[in-house]
Amino acid sequence: MGMQIFSAEAFGVCVQAYVLCAPAQRPGNRVACKRKTLFLKQTRVCKFLPSSYTNNSESGETTEATLADKVLPSDPQEVEEEARLWNPNRWRIAQAMSLAFVLCNMDKVNMSVAIIPLAKEFDWSASDKGLVGSAFFWGYTLTQIPGGLLAKSLGGATVLAGAVALWSFGTLVTPVAAYLPAGAFAGICAARFTVGLGEGVSPPASAALMVQHMKPEERARAVSLVFGGMDVGNVIGLLVAPVLIETFGVSSVFYLFAGIGFLWVVGWPLALGKPMDALLSPNGLEVKSAPQAPEEREDIPWGEFVRSPPVWAVICTHFCNNWGYYTLLAWLPSYFEGGLGQDLSASTYLSLLPYLAMAGMNVTVGPTADYLVQNHLGVTTVRKLAQSTAFLVPAACNLALACFTPEDPSQLSHPTALYVGLLSLAFAASAWSRAGLYCNHQDLSPKYASVLLGLSNTAGAVPGVVGVWFAGYLLDVTGGSWANAVFLPSMAFQLLVQQYSSHLALRKDRVLTLLKPSGDNAVDCSVAAAIEMKW
């Protein structure tokens, strides 16, 4: 791979930093040196050198690598210490992204509660309820791949802000749409479609931001923190929505949640903080990276993606992982009401417990996975173990729920605590997908992580379109059999993909090739030759 040429001015900045750091024997100077060299390393000022400095090392002339060795510390402990000093705002950014996903699922799950009184008001069947629930996923599916492309071209920060603003607008107009001349059904479906358009952009945008700000050894923790916001959003939405509906009416839940979303958009620039291409030195002088020439437009290697077995394994895993999650997300309160005979408040509050279990497990998933990776268990093994846990344990719970749930709630022969416990165990185990499936896009290709996530999440959104409606349809045609409508299909998909995904998505000879440098600090992927990243 050829090296890009940078200006002599940038090379001068590198040399100047090296000279400034030379007398760094005193503690104060040493801190300044570390900060300067860290800045140069992370912003890659020394990465692009004049052509006279980019000759092959075999000829004996100075290369990018040998110069970096002079400018940057070679001691591994110093490098690790500098990595922790770099970008002190990165966890604040991750927390703000997590909050965005809290709002994301608050606006997703609010309809799961509101659909119960709305169905009674407008006399909707189970199939109608399923279509309203799936309308969100129509939009969600359409914007996954465009979201990845936009995040790659415009940056994840801008795209995420636009996504939150769009879905908050869709949430805001939902109550108004219910009383449009077109009718409540069409109006609410259109509003939920708009919410889905906005939320579909957020996962690839967040993937782009995590690749930009988080180090590889922090990957599972960052993914768990960011996407774990969805679990917290489910809990908050299910906790607050019934209170608002019973106290102020159905419309209040949409107005409040939309208002919080707009507040997030206003506060997002504060979370981003100072641009990371600038760093303040101890004497208050601002050091900036030299301006870079605009990047040439790159073609996305779609053909390589399509021919890659690991990419297909991730796509299939995402589809099967989301079938059970999205159907239960949409139908869980209705299951407690129609399947177990609970009222609206009890149904909603019981629905909280599985999501609380998932949120609690999510706290341990990221640190545990990163610890195992860093202690030589290996990325491949950790990802396999995590995703297998996320499939096999929920599959067993779904089978038990299918056996124990009668078609008539009056024939219940087990305490409600048993059903809640099985659902909680299934949801808690599924949180391990954050250390498996949801890390895999960044493992396969940091450069195209946002595009890959958009690609696989498109398939992952299909269960929301088909599965949510299909569950309602099966409830109608089977006379209310929750086993046949929800639990058995979810179990089947989880078991169907388990062996395939664990074998292909993370094969050692394919993925580890992506994780170690080769040649000119680039990765030559044996699966997709066009998938490459700079080190």
Side-chain angles (χ1 to χ4, degrees), residues 104-105 107-144 166-167 170-200 234 237-238 241 245 250-251 253-254 257 319 322-339 344 347-348 351 457-482 484-490 493:
C104 174
N105 271 38
D107 288 330
K108 191 182 297 180
V109 79
N110 56 11
M111 185 55 71
S112 301
V113 181
I115 195 72
I116 297 175
L118 286 173
K120 293 178 179 178
E121 179 180 355
F122 298 110
D123 194 26
W124 290 339
S125 66
S127 296
D128 294 332
K129 291 166 65 176
L131 285 171
V132 171
S134 67
F136 166 90
F137 293 99
W138 304 342
Y140 190 77
T141 304
L142 290 177
T143 52
Q144 293 294 325
L166 179 58
W167 88 56
T171 301
L172 181 68
V173 301
T174 299
V176 179
Y179 299 99
L180 291 176
F185 182 80
I188 291 180
C189 283
R192 297 300 293 174
F193 176 81
T194 304
V195 175
L197 288 175
E199 294 198 12
N234 292 334
L238 292 171
I245 291 173
V250 176
S251 300
V253 67
F254 298 103
F257 289 5
F319 176 90
N322 284 5
W323 184 281
Y325 179 73
Y326 283 153
T327 52
L328 283 173
L329 182 69
W331 288 100
L332 196 56
S334 297
Y335 167 69
F336 282 114
E337 184 201 36
L344 174 63
S347 298
T348 305
S351 300
N457 213 20
T458 299
V462 172
V465 177
V466 179
V468 173
W469 166 80
F470 192 57
Y473 171 77
L474 289 176
L475 285 172
D476 280 340
V477 300
T478 61
S481 174
W482 289 92
N484 292 324
V486 175
F487 299 121
L488 291 179
S490 298
F493 281 116

TODO: Using the side-chain contact (heavy atoms from CB on, under 4.5 Å) rule, take Leu131 and Trp124 through it: C-alpha gap first, then chi angles, then the decisive distance, then the call.
DONE: CA-CA 10 Å; Leu131 285 171; Trp124 290 339; over 6 Å; no
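- When the side-chain contact (heavy atoms from CB on, under 4.5 Å) test is applied to Ala177, the partners found at least two apart in sequence or on another chain are Leu180, Ala191.
- For the ring-ring contact (aromatic ring centres under 6.0 Å, His included) test, residues two or more places apart in sequence or in another chain that qualify with Tyr335 are Trp482, Phe487.
- Atom CZ of Phe137 sits about 5.5 Å away from atom NZ of Lys108, to the nearest 0.5 Å.
- Listed by chain and residue number, Arg192 satisfy the side-chain hydrogen bond (donor to acceptor under 3.5 Å, both in side chains) test with Asn110 (two or more places apart in sequence, or in another chain).
- Residue pairs that meet the salt bridge (charged side-chain N to carboxylate O under 4.0 Å, His left out) test with at least one member in residues 122-139, sequence neighbours left out, do not exist here.
- Shown here are the side-chain hydrogen bond (donor to acceptor under 3.5 Å, both in side chains) partners of Tyr325, two or more places apart in sequence or in another chain: Asn105, Asn234.
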For a quick test of your reading: what N or O donor-acceptor pairs under 3.5 Å do the side chains of residues 114-122 make, sequence neighbours left out?
residue, atom, partner, partner atom, Å
Glu121, OE2, Tyr179, OH, 3.1

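- Here Leu166 pairs with Thr194, Leu197 under the side-chain contact (heavy atoms from CB on, under 4.5 Å) rule; sequence neighbours left out.
- The side-chain hydrogen bond (donor to acceptor under 3.5 Å, both in side chains) check on Gln144 picks up Asn457, with sequence neighbours excluded.
- Residues forming a side-chain contact (heavy atoms from CB on, under 4.5 Å) with Ala485 (at least two apart in sequence, or on another chain): Leu474, Leu475.
- Here CG of Leu172 is found 10.5 Å from OG of Ser251. Values are rounded to the nearest 0.5 Å.
- Across all non-hydrogen atoms, the minimal contact from Ala461 to Tyr140 is CB-CD2, 3.4 Å.
- Residue Ser347 comes nearest to Pro333 through the heavy atom pair CB-O, 3.4 Å, listed as atom of the first residue, atom of the second, then distance.
- Aromatic ring orientation, Phe493 versus Trp323: tilted (interplanar angle from 30° to 60°).
- Annotation for Thr143 and Gly200: closest pair OG1-CA, 3.3 Å, computed over non-hydrogen atoms.
- Listed by chain and residue number, nothing satisfies the ring-ring contact (aromatic ring centres under 6.0 Å, His included) test with Phe336 (two or more places apart in sequence, or in another chain).
- Under the side-chain contact (heavy atoms from CB on, under 4.5 Å) criterion, Val176 pairs with Tyr255, sequence neighbours left out.
- Listed by first and then second residue, the side chain to side chain donor-acceptor pair (under 3.5 Å) pairs that reach into residues 467-479 are Ser127-Asp476, sequence neighbours excluded.
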- [ ] Dump the intermediate steps for side-chain contact (heavy atoms from CB on, under 4.5 Å) on Phe185 and Cys189, then the final yes or no.
- [x] CA-CA 6 Å; Phe185 182 80; Cys189 283; 4.0 Å; yes
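- Closest non-hydrogen pair, Ser351 versus Leu238, comes out as O-CD1, 3.6 Å.
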Task: Derivation of the side-chain contact (heavy atoms from CB on, under 4.5 Å) call for Val195 and Met111 - done: CA-CA 11 Å; Val195 175; Met111 185 55 71; over 6 Å; no
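- When all heavy atoms of Thr327 and Ser490 are compared, the closest pair comes out as OG1-OG, 3.8 Å.
- The two residues Ala330 and Ser112 have their closest heavy-atom pair at CA-OG, 3.6 Å.
- Under a cut-off of 6.0 angstrom, the local environment of CZ in Phe470 is sparse, with at most 12 non-hydrogen atoms contributed by other residues, nucleotides or ligands.
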